[in-house]
Amino acid sequence: MSGFEAAAVISGIGQSAVGRRLGRDGLELTIDAALEAIADAGLTVADIDGLSTYPGGTGVYPGFSGPGTPAVQDALRLELNWHSGGMEGPAQVQAVVNAVMAVSAGLARHVLVYRTVTESTAQGTGRRPGIGAGTPIASGAQQWTTPFRLLSAANHLAMYTQRHMHEFGTTSEQMAQIALNARRNAALNPKAVFTAPLTLEDYLDSRMISTPFRLYDCDIPVDGSTAVIVSAAEHARDVDHPVARIEAVGTALRGRPSWEMWDDLTTMPARSAAAHMWSRTDLRPADVDVAQLYDGFSWLAMSWLEALGFCGHGESGPFIEGGGRIALDGPLPLNTAGGQLSGGRLHGYGFLHEAVLQLRGEAGERQVPGRPEVAAVGNGGGPLAGCLLLTRSA
Amino acid sequence: MPTTEELSGFFWTSGRDGVLRLLGCDACGYLIHPPVGYCPACQGRETSPTPVSGRGTLYSFTVNHQPWDGVGDLYVIGLVELEEQPEVRLLTNVVGVDPSDVRVGMPVEVVFEDHDPVFLPLFRPVAA
Ligand SMILES: [Zn+2]
């Protein structure tokens, strides 16, 4: 580890209540998570001098963005040397990468990073309409999709999965293991939203969304906020628990950043980000003790497994067959808090929070045995990807 | 319906005479899609709508079941690689075939759906 990443650590983590239709304001949830993270890092609110979030207060879809940085800065009366919120970057973890860069550059010493969603409450009892549904005139990027009634990321990613199945013989029974593994782990996570046992038969019998995706291939919107504190590395010795070091970040995006024009739809830009991450460290895929990989749709986690080199291109189906390799007691425990499929869509940050918990040995009933030392976090799908390799301090 | 007010306007109205057109580089013929007035192959800045065969291969597809727009019918969304330049993949609907008979790799051809002034380029299997 010799890059800018060495200058910063994740010194504290926090998370609000997580659930369906909590009916609480996004700023309230954010404050819950932030105060917990600040205390966990051994700090007070007055110590925070940086603020970073994804995607900023965009209001793109109801409940998607959470509060922007001005709202959080004002609520906590923060005195900031640096602040940033936005969504054009290496997926959701870009807010963490930005914070690490700010600390490394000396612009901030303790950055509060957060991601808040209230998608469940925003939907009320109704269903979110498709993206662009009901728009009479489609312009910009949407003109290429809504006229053909492509109204969800599910449709895009279903075509990636279909191509993967066509080229490599990947099966629904194999893909099911992502969902079944998530559900088993969720049963050990008190904050997970779906914990009832799920069988392969249940999975195969569930209704089709967009072939080959069934209901259980799709994650579930929730309300919740996750916060982490990115601190100057020297702060690690002032904290009364292990911290997560940032071994390497993966931020590359090479090739056309387009859902349909991407050169090989059996891969995603995750392959660029992952290759970039491995180029920044001497650690190798075999060194990873626990993986937290984006599963907004089940195939995304398979694509991340391949991109990160845990198996070869096209081999994720056989790799997860039967589920043993990715189980809590397997060689590569995956999505140990239940992922977004069963834990709820904390939009990338549930994975980050869980990776740090596992490295600290504080994951309770779902703690991976053997004191994990290296965790991989992959965020994003479609034309966006970003990843982190985290290690435990002594 | 798509807008006809942008650089892509010709693409959406092209089917009036039954011909699919993409933006082509005047210097080297490279098809630039979505349309942009810059050729990534030769850096040329002169471009024009260019007729193409309308034939291609189905690269991938999905049969949509979820009623995102409240309609509730089954329909096929596909990605078609154009014969002239396979890295151009047109997102479209595959029509004229039972959804359960759609296969990756099928030869397909364009058919336009008339929403004058827009003519939506859909694709159907080429008759064997
Ligand atoms: Zn050219």
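Every heavy atom of this structure was used, including side-chain atoms; hydrogens, water molecules and symmetry mates were not. All figures in this text were calculated on a predicted structure; none of them were measured in a lab.
Looking at B/Glu87, the atoms closer than 4.5 Å to chain A (heavy atoms on both sides) all sit in the backbone: N, CA, C or O. Residue contact with chain B, scored on non-hydrogen atoms closer than 4.5 Å, involves the side chain of A/Ala154 exclusively. In this structure, chain A has a heavy atom under 4.5 Å from the side chain of B/Tyr75, while its backbone stays farther away. Using a 4.5 Å cut-off between heavy atoms, B/His33 touches chain A through backbone and side chain atoms alike. Using a 4.5 Å cut-off between heavy atoms, B/Pro121 touches chain A through backbone and side chain atoms alike. For B/Pro99, no part lies near chain A; criterion is any non-hydrogen pair under 4.5 Å.
The environment of B/Glu46 atom CD is sparse: at most 12 non-hydrogen atoms of other residues, nucleotides or ligands sit within 6.0 angstrom.
Ion pairing between a basic and an acidic side chain is recognised when a charged N comes within 4.0 Å of a carboxylate O; B/Arg55 and B/Glu83 show such pairing. No salt bridge links A/Asp205 with A/Arg214; every basic N to acidic carboxylate O contact stays at or beyond 4.0 Å. For A/Asp263 and A/Arg256, the salt-bridge test fails: no basic side-chain N is under 4.0 Å from an acidic carboxylate O.
When each of B/Asn93, B/Leu90, B/Leu74 is scored by its heavy-atom pairs under 4.5 Å with chain A, the top score falls to B/Asn93. When each of A/Arg149, A/Gln143, A/Met261 is scored by its heavy-atom pairs under 4.5 Å with chain B, the top score falls to A/Arg149.
Between A/Phe310 and A/Phe319, the gap from one ring centroid to the other reaches at least 6.0 Å.
A/Ser298 is linked by a side-chain hydrogen bond (donor to acceptor under 3.5 Å, both in side chains) to A/Asp217, counting only residues two or more places apart in sequence or in another chain.
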